[in-house]
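Presented below is the structure to which this report refers.
Order of the sequence lines sets the chain letters (A, B, ...), proteins ahead of strands, with each chain counted from 1.
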Number of protein chains: 2
Amino acid sequence: MKKNPEQCQVVVALDMIVGKWKPIIIQHLLSGDILRFNELRRLMPDITQRMLTLHLRELEEQDIVQRVVYPQIPPKVEYSITEYGKSLGPVMDAMHHWGAAHVEHMKLKNEQGASLDGEAN
Amino acid sequence: MKKNPEQCQVVVALDMIVGKWKPIIIQHLLSGDILRFNELRRLMPDITQRMLTLHLRELEEQDIVQRVVYPQIPPKVEYSITEYGKSLGPVMDAMHHWGAAHVEHMKLKNEQGASLDGEAN
DNA sequence: CAGGATCCGTAGGGATACTG
DNA sequence: CAGTATCCCTACGGATCCTG
């Protein structure tokens, strides 16, 4: 089963950042902060432990996130963006920028819809 | 159920382009071409009719794709990118660019792995 | 503190057949 | 030609409880 060889690097890129929480994790770490597991949890109150670990492990596997374990009790694990992960910055920025514009676009659309509803009465 | 109000427009943007075939459809239409249903199918041989229609309808709903029906027999339906959809260009470009770089990154990683395997013998 | 182990529900997607 | 209509399957994510 081949995966479209030269075709569509967009999909390649998307595969790295899709996942319900992945983009958010990446955003937080792209700030440059080094964060512990529970710090990340606090930043994303709705994520479950399971999902946080799973996504972090994937991101580590993908060389986007660095995971540093301090062998001590109680445990301490720090997560940070890798140099390579930083290269995602422009991509995330582009999406952030477009997302913001999109919110505006939707606002306008809804206002139009509302005014049309008004006329209909 | 609120959706992180001001937070993370990245997710907003992602929601518009995720889906197994959506990015590919967008890419094809971003070229500016006006394409008929079956033309799109031919461009994506592995997509099913069902998925193509579903994704096209979503994209239409999202105001990314314009759908024009010619009421004739046999039917003729043309799909094209909307003006608004074109604004996705920079986002797609950023991802395409990063995707290409990522492919290179993975190549290097694999070569390193291979050479390490070699040393282990 | 930072997880691992289970169980479970749903949405996204595929296969196939039919139609105006 | 450009779709519907069904049925089906699994991968992703959530909930909950346990542990070194």
### Task
Considering just the side-chain nitrogens and oxygens of B:Tyr79, establish if one lies under 4.0 Å of OP1 or OP2 belonging to D:dG3.
yes
### Task
Determine: side-chain N/O of A:His55 to OP1/OP2 of D:dG13, distance under 4.0 Å, yes or no.
yes
### Task
Could you tell me whether the side chain of B:Arg50 has a donor or acceptor atom within less than 3.5 Å of a complementary atom in the base of C:dG14?
yes
### Message
Parallel, tilted or perpendicular: which one describes the rings of A:Tyr79 and A:Phe37, with boundaries at 30° and 60°?
### Response
tilted
Whole angstrom is fine here: how far is it from [atom1] in [X] over to [atom2] in [N]?
X: B:Lys20; N: D:dC9; atom1: NZ; atom2: C1'; answer: 13 Å
X: B:Leu54; N: D:dT6; atom1: CG; atom2: P; answer: 14 Å
X: A:Ile25; N: C:dA2; atom1: CD1; atom2: C1'; answer: 14 Å
X: A:Phe37; N: D:dT19; atom1: CZ; atom2: P; answer: 18 Å
X: B:Met44; N: D:dA2; atom1: CE; atom2: C1'; answer: 14 Å
X: B:Trp21; N: C:dG13; atom1: CH2; atom2: C1'; answer: 10 Å
X: A:Leu52; N: C:dA2; atom1: CG; atom2: P; answer: 10 Å
X: A:Lys22; N: D:dA11; atom1: NZ; atom2: C1'; answer: 13 Å

### Over 12 non-hydrogen atoms of neighbours within 6.0 angstrom of CD in B:Gln72
yes
### Message
Is there a path of hydrophobic side-chain contacts, each under 4.5 Å between heavy atoms, that joins B:Leu30 and B:Ile34?
### Response
no
### Message
From the set C:dG13, D:dG13, C:dC1, return the single nucleotide nearest to any side-chain atom of A:Met51.
### Response
D:dG13
### Query
Any side-chain donor-acceptor pair under 3.5 Å between A:Lys22 and A:Gln62?
yes
### Task
Would you please say whether a donor-acceptor pair under 3.5 Å links the side chains of B:Glu78 and B:Tyr70?
yes
### Query
Near DNA chain D, under 4.0 Å by heavy atom, which residues of residues 56-75 of chain B?
B:Arg57, B:Arg67, B:Pro74, B:Pro75
### Query
When you measure from the side chain of A:Glu39 to the backbone N and O of A:Arg36, does any donor-acceptor pair fall under 3.5 Å?
yes
### Query
Closest nucleotide of DNA chain D for A:Gln49 versus for A:Gly19: which of these residues is on the 5' side?
A:Gly19
### Message
Quick check: on DNA chain D, is the nucleotide nearest A:Thr48 upstream (toward 5') of the one nearest B:Arg41, or the reverse? Name the residue that is more 5'.
### Response
B:Arg41
### Query
How far does CD1 of B:Ile64 sit from OG of B:Ser80, to the nearest 0.5 angstrom?
12.0 Å
